[in-house]
Structures are given as structure tokens and as C-alpha cells.
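Keep in mind that the numbers below use all heavy atoms, side chains included, and drop hydrogens, waters and symmetry copies.
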Amino acid sequence: MEETLAGRMATPEMAEAASKVVAEPMFGVLDILLMSVSLGIGVYWFFFRGKKTSEQPSVVKKLSVAPTLTRSSNVGFIAKMKSSGKNLVVFYGSQTGTGEEFATRLSKDALRFGMKGMIADPEECEMEDLAQLTEVENSMAIFCMATYGEGDPTDNAQEFYDWLQEGSVGLAGLRYAVFGLGNKTYEHYNAMGIYVDKRLEDLGAERIYDLGLGDDDGNMEEDFVTWREQFWPAVCQRFGVQATGDESSIRTYALRIEDFLPEKVFTGEVARLGSFRTQKRPFDSKNPYLAPVKVNRELHKGGERSCMHIEFDITDSKIRYEAGDHVAVFPINDSALVDRIAELLGADLDVVMSLDNLDEEASKKHPFPCPCSYRTAFTHYLDITSVPRTNVLKDIAEYASDPKDKEFLLLLSSATPEGKKEYSEWVMHDHRSIVAILEDLPSLKPPLDHLCELLPRLHARYYSISSSPKLHPTSIHITAVLTRYTTRVGRQVNGVATSWLKGKVPNGPQSMPNVPIYVRKSQFRLPFKPATPVIMVGPGTGLAPFRGFIEERYHAKKEGKVLGETVLFFGCRNRDHDYIYEDELKEYQENQTLSAVYVAFSREQAEKQYVQHIMMQKKEKIWELLEQGGHIYVCGDARYMAPDVQKVIRTIISEHGDKTHQEADDYIKKLQSKGRYACDVWS
């Protein structure tokens, strides 16, 4: 710095300027005049303006809260309840939208019991205000809380969970109820719902009704309906209210059709208007990146099933990921199904409309990005392939012109034993989507706008990333099996995302189709030291994250680092059909990145053989690596495979560690607490 300044002063121009400054008087008449004016302004500011500011603390207050303006429209749920006369707030923790859907239904229910409800996203609220809910007469809070991953809160409930753990606010006088959403195939079943229910009680709140637990592996809808039917009578008894008897459909949104400017109309964007036309970083769940598909190839070598290896180009996105992370894909519905809805209802899907919330105080102004055309709504925003929940069937029953169809829909939506059984059989087991129901009940003609209000949102699908940024810094790879099956009534069901991705095949570097994606971080990570032994268990597409792990270990080996033993247990049906990435795995064995690969071919012998069986055959090696401080990872099916693998690990620990069943369980829990036993599973 000093050399630079010296060089500048050595120039002729600078030397001349310096001589001029020395030759002239220090202050001219104009300088003195300007200094006098400045001094006068300073005196005025100090004595008068400063005093005036001190008398207006509201100005300072506004400036102090400026950084949180992004949440201002949603902060202050107590004030909203007071101003709008509401006395019930339903908070939701939701990852896929079901928790939010249940919260909306409970909020609507309130009107039938003389109460006024609102739903609230805890991420957009100051949850410490819960203590002030007692200021609202006859008030209560309901929490619809989903459990995500390995017993974790959903993304939008993380801050609420952290706040509950701090436990610095007393909640005496708060009346509450909790319904949890979980899946029994996961080890930490409904952990979030259970925790919130117990923690609120610990903080002094009053439980109005018992904790409800919904099981997505069974019948989540039936669990919710059963709990709700018992919950409201408990509310009536506690608050002294009665059901109004009005069972008519309650609309949340009003239809608005006008000549919208084309540039103001959504065409499939997730949140920000025009985000697909003009991409802006950073990319996240509300602003996905349109990633070009550079590779889409078939992995299966035979058989009727299909498994895709897909590579997304992220060169210009500045997206960063790590091996073990997940990538979210935003799919769209099959255009043939969308057109079928229009055909069945005799409707024009190209009408541009907006659905506006009738409650001006509501933070959620529209059910999905509006305005848009009906075609855009049914293509990009609405889930038209899942089975409709009972509330949808109940609300559309009034649009059936045939009394028999109407009666049947009301039966399906009822909480009676007969209704629950019929819903389970006719809707769930036969997997009747809204399209199938419209086909099977031809007199049913609900208006498009009401259908748009009732159907759930179409959500992103998550895939384990099957690559490492160490080898592929500009691309993200996924491994996906095409979902396709036929129901017992003969209808073919196609997976929304995988069927759509199947058609995303590039035609040279200049013709690559785009897919909206974003990366979701995971805790599924390799040990920090490459010398730590690793055991990976991943049958089928459970191999996906381990492909990234293996690439990571290969890169470390190339850099000269010492690798611990790296063992893979893989499973598939037949070596000639679905042994995915076989050549890659053999190459990694040859270059000694992989110490061993043990494969279970389930259909090549009379008695089926799975990964847990070959794990028992290699139990001495597994125990040896665990005792050396090794990490074990499991990826794949949560319903059968993951529990069976854990049973095998428990048996190995018991036999070779000379431990009782309880001691083996404690050993496993210790592994989990230290991050040495991790699962990335799905059901």
C-alpha cells in the first residue's frame, strides 16, 4: 500500500497539484462562507432536530424492525385473532402438505361448532406469543405436526421445535390439542407429535383432548377422521358450545375471472411470477433451478421394469451439494389425465382465473399461484393422481345429479364403520383418483373452481443424490425406478414424477429438456476420516447415495489418503436384469476403493435371499469393523428391509459381543447417537 501511494505522488500531475496547494492561501472567502453554513446546520441538527427525533420513538422503532419485514404480514397471530373475532388457531408442521390440509379442515370445522378458526404456519409466527392466547376469550390452539426423517420436525416447524426445547415461556392457561402425522415403518414413529403434546403440558398448558396419532403406513385419513369425531365433542364439553348442525360445504376461496394481463399470469412457477423465464439465484424450494437433463439412460439390462440414471446439469446455477444430500424434483401431471378431467366435466381449461381467500386477514391469499389458467392449475399445482380424502368426497357430493351417486359419496365420507370400510376398499385399495371417481360416477359434475380449492397441492419428489461433487461438481445424478402398476379393477397407475422424468431424454447438447430442482441438505454423511471403516447396506435404488459415497472414497484415494475398509451389501432380483451399476462396482473393487461387494440375488434360487441373509453370512466381518469404530449406513425400504437389517445387526452384536438383547439395543443406540449408524429410508 505504501509503495503504491509513493508511486502515485511521483507522477508530474500529482507534483504540480501539490505545488499549487502550497502556493495558494489556506482559506478563501468562499471556503469561509461554506464553513459558516455547515456550522449553522450542525448546531440546528444537534439542538433542534435531535430533540425532535427523540420525541418520535416510533420512527426509531420502525427502523429497528426493518430486517424482519419479510415476515411482517404473518407475524402477530394474536392481533389477527382479536381483530377478526377468531378464537381457534391451528398450527401445522408439514413437509408434503398433509399436515396443512388437516389443519385447514379443522379450521373449517370450527364454524360448525360456533367457533372461528384460522390456520398458521409456525415458521411465519412469533411462537412466544402463544402465552398471550389466553387474552382471547374461549380460545385454544391445535397443532397438526408431522414427523420427518428420523424423528425430526418438518422444515417449517424447526424453529418452533427449538423454541419449545428452550422452554423459557410459561403457557399456563393455554388450551391445546395435538394430532401427529407419522409412519409406523420408521423407528421414531410420530416423534414430533408426541414431543409437542408432552412439552406443552410440561410448560403448563391444558390438554383439551388426547393426542391423536395418524399412521401413513396404514390409513392416515381414517386415523384423522376417527380422532376428529371424538375431538369436537370434547371441545363442546370444555367450552360449553354445541354443533350448529350445518353440514353444508364451506368455501374458503372466491372465484375471480377477468382480463388478466398475460405478464401477470402464472404458467407453472412455484412461487415467484416469471421465475422460469428469468432465473435468479439463490435456488431453493420456492425458487427451483431449471436444470437441463444431460443424461437419461436405462440401467436395467432386462425384464419388464425400468430404472433410470439421470444427470442434471448445474453448471450455471452455483448450486452446491454433498454426497448423501437429496434433490427435489417438481413434476407435472400427465396431460392426458388433465384433458380427461376437461372431457368428463365438459369444461374449458384455458380460462384464466384467480381463487382469492374470502378471509382478508388470512396469510395464504390463494391455494396456489394465481392468476393462472385451469390447465396450468391441473397440470402444475394440483395432485390429481392420489386418492381424494373424505372431506373432498363430502364437498363434491352435492354436485352429483343422481341421488344414488350422492348417497354413495356421502357414505364414503362418513365416519361410520360402514363408511370407513367402503372408503378403504373402494377408494384406497382400488386407488381411485379424482379422475377415476369422475369416470365411475358419471352424474358427478363439480365446478372446476371448487375442485381446484379442494384438491391437494402437487408437491416435489425427493431423490437421494447418487453422485459426489468431488467427481461431478457441475452435475447431480439420481437413480429412479419407474413406478407403474395395475389396480385390482384393471386401471393402470403411473408414478407422477418417474413417468414424467422417463420422457425427459436429451437429444444432443443443444436440445436438453429442463427439470425444476433444488437441493435439500441431509445428515447422511460419510465419516470425516477416510480411514474409518464403512459398511453400506442398499438393495435396489438404495444403492443411490452409496454410489456418491464410493465416488467420494475414490477421490480421497486418488489424493493419496489411506482408506478404511469399504464394504457394500447390495440386493436385486436377477444379475442379468437389475444389477445396476455392476460395471462401476467391479471397477471400484479392482482399484481397491471397495474392499468387498456382497450381492443378494433374490429370485435366482428357490428360496428368496435378501441383503439381511448375506449379512448374517458375513457377521464376523461386520462385528470386526464395528469394533474398529466403523460406520454402518442403510438406505432403501423402511417397511421391511430396514427393520430386518437392524434385527440382523442386533443379533450380530449379541452373538459376537456376548451381550443380552437389551445390551445389544443399547449398543445400537450408542452407535446412532454418535452418528455411526445412519438410515436414509422411505416407505
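- In this structure, Glu263 places its CD atom where more than 12 heavy-atom neighbours from other residues, nucleotides or ligands lie under 6.0 Å away.
- Checked by atom type, the side-chain pair Arg105/Thr390 shows a donor-acceptor distance below 3.5 Å.
- A donor-acceptor pair under 3.5 Å is formed between the side chain of Arg461 and the backbone N or O of His459.
- A salt bridge is defined here as a Lys NZ or Arg NE, NH1 or NH2 lying under 4.0 Å from an Asp or Glu carboxylate O, and Asp217 with Lys184 fails to meet this definition.
- In this pair, Phe546 and Phe524 present their aromatic rings tilted. The plane angle is within the 30 to 60° band.
- Nearest heavy atoms, Val681 versus Ala642: CG1-CB, 3.9 Å.
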- [ ] Using the side-chain contact (heavy atoms from CB on, under 4.5 Å) rule, take Arg389 and Glu101 through it: C-alpha gap first, then chi angles, then the decisive distance, then the call.
- [x] CA-CA 10 Å; Arg389 299 197 183 276; Glu101 183 186 338; 2.8 Å; yes

Task: Evaluation steps, salt bridge (charged side-chain N to carboxylate O under 4.0 Å, His left out), between Lys108 and Glu453 - done: CA-CA 13 Å; Lys108 282 185 176 183; Glu453 177 177 327; 3.6 Å; yes

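- Between Tyr92 and Phe102, the gap from one ring centroid to the other reaches at least 6.0 Å.
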TODO: Would you check, one step at a time, whether the test side-chain contact (heavy atoms from CB on, under 4.5 Å) holds for Leu181 with Thr147?
DONE: CA-CA 6 Å; Leu181 298 85; Thr147 299; over 6 Å; no

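- Residues Cys452 and Phe378 are in side-chain contact: their nearest non-hydrogen atoms beyond the backbone lie under 4.5 Å apart.
- Looking only at distances, a side-chain donor or acceptor of Ser139 sits under 3.5 Å from a matching main-chain atom of Leu133.
- Remark: Arg207 fails to qualify as a cation-pi partner of Tyr176 under the 6.0 Å distance and 45° angle criteria applied to the six-membered ring.
- The side-chain contact (heavy atoms from CB on, under 4.5 Å) search around Ile319 returns Phe283, Tyr289, Ile314, Ser317, Ile476, Val519, not counting sequence neighbours.
- Partners of Glu137 according to the side-chain contact (heavy atoms from CB on, under 4.5 Å) rule, which considers only residues two or more places apart in sequence or in another chain, do not exist here.
- In the model, Ser522 has no side-chain atom that pairs as donor or acceptor with a side-chain atom of Asp325 under 3.5 Å.
- In this structure a side-chain-to-backbone donor-acceptor pair under 3.5 Å is missing from Glu552 to Leu526.
- Between Val352 and Tyr374 the shortest side-chain heavy-atom distance does not fall below 4.5 Å.
- In this structure, Leu164 and Phe160 have side chains that are in contact, with non-hydrogen atoms separated by less than 4.5 Å.
- Listed here is the closest heavy atom pair of Leu255 and Leu355: CA-CD2, 3.9 Å.
- In this structure, Phe179 and Trp227 have tilted ring planes: the angle between them lies in the 30° to 60° band.
- Asp637 and Trp682 share no side-chain donor-acceptor pair at under 3.5 Å.
- At least one donor-acceptor pair under 3.5 Å links the side chain of Lys116 to the backbone N or O of Ser84.
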TODO: Determine, stepwise, if the pair Gln230 / Tyr209 fulfils side chain to side chain donor-acceptor pair (under 3.5 Å).
DONE: CA-CA 8 Å; Gln230 298 168 344; Tyr209 186 64; 2.8 Å; yes

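- Between Phe266 and Phe368, the ring center distance fails the sub-6.0 Å criterion.
- Defined by atom type and a distance below 3.5 Å, a donor-acceptor pair is present between the side-chain atoms of Asn156 and Asp121.
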- [ ] Please lay out, stage by stage, how Tyr463 and Thr498 fare under the test side-chain contact (heavy atoms from CB on, under 4.5 Å).
- [x] CA-CA 11 Å; Tyr463 297 91; Thr498 54; 3.7 Å; yes

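- Using cut-offs of 30° and 60° for the angle between ring planes, the Tyr518 and Phe330 rings count as tilted.
- With no hydrogens or angles considered, no side-chain donor-acceptor pair links His380 and Asn333 at under 3.5 Å.
- Here the side chain of Ser275 pairs no donor or acceptor atom with the backbone of Asn287 at under 3.5 angstrom.
- Checking side-chain atoms of Asn219 against main-chain N and O of Glu222 turns up a donor-acceptor pair under 3.5 Å.
- Side chains of Gln95 and Thr154: a donor-acceptor N/O pair is absent below 3.5 angstrom, by distance only.
- Of the charged side-chain nitrogens involved, none lies within less than 4.0 Å of a carboxylate oxygen, so that Asp449 and Arg256 do not count as a salt-bridged pair.
- Residues Ser94 and Gly99 approach most closely at OG-N, 3.4 Å, considering heavy atoms.
- Residues Ile478 and Leu501 are in side-chain contact: their nearest non-hydrogen atoms beyond the backbone lie under 4.5 Å apart.
- The six-membered or imidazole ring of Phe113 lies away from that of Phe239, with a centre-to-centre distance of 6.0 Å or more.
- Of the N and O atoms on the side chains of Thr376 and Thr379, not one donor lies less than 3.5 Å from an acceptor on the other residue.
- For Glu100 and Lys364, the salt-bridge test passes: some basic side-chain N is under 4.0 Å from an acidic carboxylate O.
- The residues Glu361 and Lys86 are annotated as not salt-bridged, no charged nitrogen and carboxylate oxygen being separated by less than 4.0 angstrom.
- Heavy atoms from other residues, nucleotides or ligands lying under 6.0 Å from CD of Gln237 number 12 at most.
- Taking a 6.0 Å sphere around NZ of Lys521, one finds it holds more than 12 heavy atoms contributed by other residues, nucleotides or ligands.
- Atoms CD and CZ, on Gln279 and Arg281 in that order, are 9.5 Å from each other to the nearest 0.5 Å.
- A donor-acceptor pair shorter than 3.5 Å can be found between the side chains of Ser467 and Tyr321.
- Within the 4.5 Å cutoff, side-chain heavy atoms of Leu290 are placed close to those of Phe276.
- In this structure, Phe91 and Cys125 have side chains that are in contact, with non-hydrogen atoms separated by less than 4.5 Å.
- Within the 3.5 Å criterion, the main-chain N or O of Tyr462 finds no donor-acceptor partner in the side chain of His326.
- In this structure, the side chains of Phe143 and Leu200 come closer than 4.5 Å at one or more pairs of heavy atoms.
- Asp215 has its side chain within reach of Tyr189: a pair of non-hydrogen atoms, C-beta onward, lies under 4.5 Å apart.
- Atom-to-atom distance recorded for Ile250:CD1 and Thr252:OG1 is 8.0 Å, nearest 0.5 angstrom.
- In terms of heavy atoms, Gly218 sits closest to Met428 at O-CE, 4.4 Å.
- The backbone N or O of Arg457 sits nowhere less than 3.5 Å from a side-chain atom of Tyr381 that would complete a donor-acceptor pair.
- Of the residues listed (Thr385, Leu337, Asp383, Ile384), the one engaging Ile434 in a side chain to side chain contact (heavy atoms under 4.5 Å, CB included) is Ile384, and it is the only one.
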Task: Glu201 vs Leu203, side-chain contact (heavy atoms from CB on, under 4.5 Å): CA-CA, chis, key distance, verdict - done: CA-CA 5 Å; Glu201 182 184 44; Leu203 293 173; over 6 Å; no

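- Heavy atoms of other residues, nucleotides or ligands lying less than 6.0 angstrom from NZ of Lys286 number 12 at most.
- Between Ser475 and Asp313, the side chains place no donor N or O within less than 3.5 Å of an acceptor N or O (distance only, hydrogens not considered).
- A donor-acceptor pair shorter than 3.5 Å cannot be found between the side chains of Glu150 and Gln523.
- Tyr633 places a side-chain N or O within 3.5 Å of a backbone atom of Arg525 that can act as its donor or acceptor partner.
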